[in-house]
Amino acid sequence: MPLDPTLPDGEITVLGRHPSASNIVLVAELRAADLEPVMVSYKPIAGERPLWDFPDGSLAAREVAAARIDRLGGFDLIPDTVLREGPAGPGSVQRWVGEVTTPARTPVAVTPPDEVPSGNLVVLAGEDEGGAPLLLSHPDDPRLRSMAVLDAVLNNSDRKGGHVLVVGDRLWGIDHGVSLHAEPKLRTVLWGWAGDPVTPEDSARLRALAAALEEEVVVEQLGTLITADEVEALRGRVAHLLATGTHPHPSEEWPSIPWPPL
């Protein structure tokens, strides 16, 4: 079973740096002969800041592993992502979604209580700097629900609202560098279905992923990106979701929502 998403080979030409990213994220083009340039985000390993709970220099590989796992399960929610050499050294290269000059919108909302969009599921109540109440919510959307399942699979510790993008009729998830740790670290804004049954469609995706993770070639290739313990923990999370058949609840031992939520 092929694991590599499709991105053309070509020269990476850096156009600029993303201004608000915590690590170095370069906006670039892949330029290959006889093909239109492909806009990408390029995250060099050399630009990763150290974290207390993830090994140094491992985030780019986790980005790639997350995209491969997404494809293996048939979720199709993460843009094409590869690990390759670039002008700032090796790093992850991900197809850009949306327009560079017009940021894609997120369906996640932080609003006063009387402005929560109709049909949204509220996941957190808080206050602004002046003490006025605010609610964090997201749509009851089957695509978002699948993303919540994928995040549980990936043990994603940073599903902010700004990492969920709507472009046309497609929903995309980005920024998966702090995923796939062997220890439970799920932290997300998509808690609206906690305790609810996993849909039949997502159960089928989980079964497809579980079957793929039994293939030696899949395990070997994932093992070049994350550790053997992390691959085994991944298999355990998939098995647990299939056994319980429900969306997980927030942990009482780990902050359940990233900050800032957007």
Side-chain angles (χ1 to χ4, degrees), residues 1-6 62-82 94-95 97 107-108 119-121 123 138-159 163-176 179-182 184-223 225-226 230-251:
M1 179 182 295
L3 291 181
D4 282 314
T6 301
R62 294 173 192 276
E63 292 265 14
V64 177
R68 292 180 173 182
I69 292 161
D70 167 74
R71 294 300 190 275
L72 289 169
F75 290 91
D76 200 22
L77 292 169
I78 300 178
D80 297 341
T81 313
V82 297
Q94 183 172 88
R95 187 183 298 272
V97 294
V108 179
N120 269 27
L121 303 174
V123 297
H138 61 72
D140 188 5
D141 183 320
R143 300 171 302 174
L144 274 180
R145 190 166 185 163
S146 293
M147 186 173 288
V149 173
L150 178 61
D151 281 342
V153 166
L154 297 176
N155 196 19
N156 188 356
S157 70
D158 196 32
R159 177 62 75 201
H163 299 169
V164 186
L165 305 178
V166 177
V167 180
D169 62 352
R170 290 295 304 273
L171 184 79
W172 297 102
I174 61 170
D175 286 353
H176 299 93
S179 295
L180 295 163
H181 202 287
K185 291 183 178 289
L186 181 59
R187 190 166 56 177
T188 174
V189 295
L190 302 179
W191 287 115
W193 304 279
D196 289 353
V198 173
T199 66
E201 294 80 7
D202 285 327
S203 293
R205 294 182 178 105
L206 290 171
R207 288 193 297 271
L209 178 55
L213 292 173
E214 294 298 320
E215 297 183 23
E216 184 176 351
V217 64
V218 170
V219 173
E220 287 179 354
Q221 292 189 34
L222 286 176
L225 300 167
I226 57 177
E230 288 167 341
V231 173
E232 190 58 33
L234 165 66
R235 296 168 74 173
R237 290 191 298 271
V238 175
H240 180 74
L241 285 165
L242 284 169
T244 63
T246 60
H247 288 261
H249 287 281
S251 170

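All values reported here derive from a predicted model rather than from experimental measurement. Heavy-atom basis, side chains included; hydrogens, waters and symmetry copies ignored.
With respect to D80 and R71, a salt bridge is recorded, a charged nitrogen being found less than 4.0 Å from a carboxylate O.
Of all non-hydrogen atoms in V108 and H138, the two that sit nearest each other are CG2-CB, 4.3 Å.
Between R145 and D196 there is a side-chain heavy-atom pair separated by less than 4.5 Å. No side-chain heavy atom of I69 sits under 4.5 Å from any side-chain heavy atom of I78. Within the 4.5 Å cutoff, side-chain heavy atoms of V218 are placed close to those of L213. Considering only heavy atoms from C-beta on, V149 stays 4.5 Å or farther from W193 through its side chain. Looking at heavy atoms from C-beta onward, D141 lies out of side-chain contact with L171 at the 4.5 angstrom threshold. Contact annotation: the side chain of H247 never approaches that of L241 to less than 4.5 Å [non-hydrogen atoms, C-beta and beyond]. Two residues are said to be in side-chain contact when any heavy atoms from C-beta on lie closer than 4.5 Å; L144 and L121 fail this criterion.
Atom-to-atom distance recorded for D76:CG and L150:CG is 10.5 Å, nearest 0.5 angstrom. For the atom pair CZ (R143) and CG (D169), the distance works out to 7.5 Å, reported to the nearest 0.5 Å. Between the CZ atom of R159 and the CZ atom of R187 there is a distance of 13.0 Å, given to the nearest 0.5 Å.
Here salt bridge (charged side-chain N to carboxylate O under 4.0 Å, His left out) pairs that include residues 235-251, with residues two or more places apart or in two chains, are E214-R235, E232-R235.
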